[in-house]
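See structure below.
As the structure is a prediction and not an experimental result, all values here were calculated from the model. All ligand and atom numbering here is 1-based and tracks the order in the structure.
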Amino acid sequence: MSEDTNLLKNKMQRRTFLKWSGAIGVPLVLGGFGTKKLLEKSESKPAAGNHKKDLPENIVSTCSINNCGGRCVIKAHVVDGVVTRIGTDTNDDDILTPQMRACIRGRGYRKMLYHPDRLKYPMKRVGKRGEGKFERISWEEAIDTIAGEMKRIGDQYGPESRYVNYASGQSWGLFSGRNMARKLLAMTGGYLNYRNDYSSGAANVATPYTYGTNNSGSSFDSILHTKYIILWGQNPSEMINSTPYMYYLREAKKNGAKVIVIDPRYTDTSIGFADEWIPILPTTDNAMMDAMAYVMVTEELYDHEFIQKYCVGFDEASMPDGVPEGESLKSYLTGKKDGIPKTPEWAEKICGVPAAKIREIARDYATAKPAALIQGWGPQRHAYGEQIVRGGAQLASITGNVGKLGGWAAGTGYWSRSDIVYPIEFENPVKASIPCFLWSDAVERGTELTAEDGLEGTKKLKSNIKLIFNIAGNMLVNQHSDINKTTKLLQDEKKVEFIVVSDLFMTPSAKYADILLPGTTFFERWDIGVPWCFGDYVVFGGKAIDPLYECRNEYDVFANIAGKFGLKEEFSEGKSMLDWVKVSIDRTQKELHPDFPSFEEFSKNGIHHFTFDEPLVGFKEQVEGNQKFETPSGKIELFSKALWDMNKHDEIPAIAKYVPAWEGPEDPLKEKYPLQLIGWHYKRRCHSTHDNNPWLEEAAKQEMWINPNDAEERGIKDGDRVKVFNDRGKLFIDAKVTTRIIPGVIGIPQGAWFTPNKKGIDQRGSLNVLTAQRPTPLAKANPQQTNLAEVKKA
Ligand SMILES: Nc1nc2c(c(=O)[nH]1)N[C@H]1C(S)=C(S)[C@@H](COP(=O)(O)OP(=O)(O)OC[C@H]3O[C@@H](n4cnc5c(=O)[nH]c(N)nc54)[C@H](O)[C@@H]3O)O[C@H]1N2
Ligand SMILES: Nc1nc2c(c(=O)[nH]1)N[C@H]1C(S)=C(S)[C@@H](COP(=O)(O)OP(=O)(O)OC[C@H]3O[C@@H](n4cnc5c(=O)[nH]c(N)nc54)[C@H](O)[C@@H]3O)O[C@H]1N2
Ligand SMILES: [Mo]
């Protein structure tokens with residue numbers, strides 16, 4: 001997800017390096033050697049890591065703002081300007097103030113901070129774009145070049161040619177680099193906006209058609225009151241979207257809740273929490289959902305009163321005007337029009353879940369009261385991802401689990417209780433926007449995009465994208481679909497004329513920079529870490545050490561570029577990052593929460609929990625009070641007239657239903673590429689971040705899951721090197737032969753760095769070599785889980 005969504009919802013420090021390296025007497029090499037030596041040196045010491053015993057240790061409470069949903073307390077132990085070890089929150093768990101402990105990634109951050117491959121100084125490209133050949137330049141030259149190109153491209157093509165790519169590497173604080181770039185672009189004519197995100201892109205657009213909003217979740221302490229939990233394609237043991245979620249799930253189980261996990265993989269969450277794992281074929285969840293609804297309808301297990309009072313479109317009597325007979329949910333389920341009742345037997349053939357099991361889950365979920373159907377976002381990063389979120393919401397609604405404590409409304413599931421003031425504001429004079437997933441289209445054929453493609457704010461763009469700022473993101477290459485297609489596009493210097501990347505490492509995206517800037521880690525700057533919308537806490541981001549080498553915070557970089565336009569003072573308002581942190585705290589106290597801690601308290605405690613008397617329950621006001629839902633009808637729209645009026649009923653149906661996916665199990669392409677390929681968000685990485693961390697590679701290596709049936713058919717044994725391929729590309733990876741994945745499906749954890757060999761074939765298992773750029777029909781979102789592929793022994 002992106003902080004934009006969150007906002008919407010709520011409304012030469014070279015000196016240090018000299019000191020640092022000089023301290024242990026390593027030669028002044030601005031390369032790997034000195035750093036490596038230092039790391040070895042500090043690691044060979046006992047836990048306290050105090051290589052100078054007489055020097056005091058200072059513990060700085062800080063926070064990672066990479067794009068996992070959690071935020072956690074990271075305690076940097078600093079001795080003489082060096083982080084020697086990392087601790088975390090050790091407070092006891094409590095319902096109101098749960099422990100905010102760092103996961104394996106959080107505990108492994110020193111390997112990132114002192115990684116020998118850190119970018120150390122600004123560079124300019126000297127070879128062909130993408131070749132990875134760079135030459136060191138001064139900061140002055142980097143800043144001059146960037147300011148010059150911003151102006152040249154703006155003058156020549158207009159502000160709509162300037163773009164800041166989706167980049168989530170430092171999005172969850174006050175100063176995300178991409179916002180700093182946007183602020184400066186906004187101050188100098190503007191830039192092309194994007195909407196939506198890669199996380200819940202389909203859900204974000206679809207859920208409001210049912211509920212009028214994406215705020216369809218409840219706070220996690222509410223699950224302590226539930227009897228039955230379905231985690232539908234959600235894997236919170238590994239995928240962190242809120243640091244204390246696991247604690248609440250454990251408590252819910254202690255209170256007797258039964259947990260069902262529906263996932264093609266036997267996930268860590270299934271192992272740790274599930275009473276039952278229900279394997280399912282990817283892209284077919286809606287068939288199971290339809291059949292569950294069929295069981296509820298035919299066995300009269302639905303909540304008549306709730307539906308009558310709060311929903312439209314359930315049966316023919318509750319349909320909006322102007323729609324012909326036979327289009328209601330009930331008519332669809334019973335096969336009134338197409339002659340196909342959506343029975344569990346019908347669904348079993350599609351999704352692979354036995355009919356008897358579908359019946360059992362339908363009955364249990366409908367009668368448990370209250371029951372929580374919680375949806376992950378993996379199942380909506382699919383060809384018709386819009387359907388699954390509306391499908392989940394449909395089940396929650398017809399069982400009357402919406403607006404009730406211990407129930408859950410499903411859908412996108414946002415909720416939030418962690419608002420602080422973001423003091424850095426700006427307004428883009430350009431109103432045109434594209435769906436974020438279509439940025440590569442906007443490079444190729446921006447001026448041809450129309451409202452049909454999702455262009456908003458203008459009828460036509462005046463230019464294709466010509467300048468890209470890619471700040472703390474790997475979306476330029478690694479995280480976007482179809483790497484081979486994207487890299488070809490970017491190699492053409494006539495298309496995008498200028499690319500700036502700021503990162504910590506020479507990532508696959510960084511290789512495509514024209515100017516490459518060395519960024520800082522969160523240890524090297526002040527900030528406040530804000531969780532995703534699934535948290536009720538904020539974490540202090542203390543600065544533990546000065547920036548290493550010639551690394552610079554993007555805030556300072558863009559303030560310097562602003563200087564070239566005579567706008568430095570206007571950009572920074574004369575404030576440092578520390579000043580802004582203090583402004584945020586002061587204003588949060590004055591404008592939002594009088595009991596918010598002072599800077600001193602916050603930095604000492606490291607964390608602030610917002611506490612509440614009772615759990616937040618999504619749609620409580622609508623169900624208990626008289627408030628209307630924010631939909632056109634004021635009710636839950638099981639049938640959406642707005643979707644109906646789009647008149648694309650096959651791909652954008654007005655009720656949620658199973659739509660067979662291209663590259664799904666029913667696609668004839670299966671003859672050629674018989675395996676469905678999905679990915680997941682791996683515990684050892686945050687997307688592509690940490691892929692180069694050796695500790696984490698040891699903890700959880702990059703490997704492809706394949707079922708023994710599929711492996712045997714292909715003569716593949718556990719640990720074998722295999723080639724995975726489809727028409728878009730090929731990659732090599734080691735196979736993990738395991739019954740933890742359903743037959744017919746292979747799984748590759750997303751985020752490994754694209755590492756091509758001489759022939760351009762990936763060696764590391766970078767999933768997006770195989771994914772498609774075809775967007776979902778309504779949201780124009782990323783379908784990165786919908787792929788067919790074949791595997792051979794390498
Ligand atoms: N196939 C497939 N593709 C996917 C997904 C999927 O499920 N499957 N998921 C999608 C989703 S949900 C998302 S959100 C995107 C995420 O994709 P991105 O937003 O590109 O996220 P990361 O890959 O983590 O890239 C973050 C970059 O920032 C750098 N970085 C980290 N911290 C800092 C810092 O403090 N300063 C600077 N300057 N740089 C820093 C890291 O080194 C890294 O290169 O990927 C999407 N891509
Ligand atoms: N450790 C870690 N945590 C993270 C991140 C990370 O990179 N690493 N990234 C963060 C970000 S930006 C995001 S957006 C979230 C992502 O959060 P999610 O999208 O919820 O996470 P995923 O792991 O992509 O998908 C969840 C599960 O969906 C399953 N799945 C895939 N296809 C289907 C399907 O068709 N049907 C069903 N039923 N299940 C399916 C996968 O096997 C996986 O176990 O995670 C966040 N948290
Ligand atoms: Mo995401």
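At a heavy-atom distance under 4.0 Å, no atom of S481 approaches ligand 1. Using a 4.0 Å cut-off between heavy atoms, T689 contacts ligand 1 through both its backbone and its side chain. Looking at H681 against ligand 1, only its side chain comes within 4.0 Å, counting heavy atoms. Contacts of N66 with ligand 1, taken as heavy-atom pairs under 4.0 Å, involve the side chain alone. Residue contacts with ligand 1 for I471 are absent, since no atom lies close enough (heavy atoms, distance under 4.0 Å).
Ligand 2 has at least one atom lying under 4.0 Å from a heavy atom of P264. Residue R684 places no heavy atom under 4.0 Å from ligand 2. The shell of residues lying under 4.0 angstrom from ligand 1, judged by heavy atoms, includes S502. Residue Q380 places every heavy atom at 4.0 Å or more from ligand 2.
By heavy-atom distance, the residue among Q170, R178, Q479 lying nearest atom 46 (C) of ligand 1 is Q479. Of the candidates I65, N474, D503, T521, the one placing a heavy atom closest to atom 43 (C) of ligand 1 is D503. Scanning H690, M239, E238 for the heavy atom closest to atom 1 (N) of ligand 2 points to E238. Here the shortest heavy-atom distance to atom 44 (O) of ligand 2, taken over D263, I240, V745, belongs to D263. Closest heavy-atom approach to atom 11 (C) of ligand 1 within the set W753, Y166, F505, Y198: this belongs to Y198. The residue among G177, S176, A472 with a heavy atom at the shortest distance from atom 40 (C) of ligand 1 is A472.
K730 NZ: 12 or fewer foreign heavy atoms inside a 6.0 Å radius.
Taking the ring centre of F437 as origin, the terminal cationic atom of R381 falls outside the region bounded by 6.0 Å and 45° from the ring axis.
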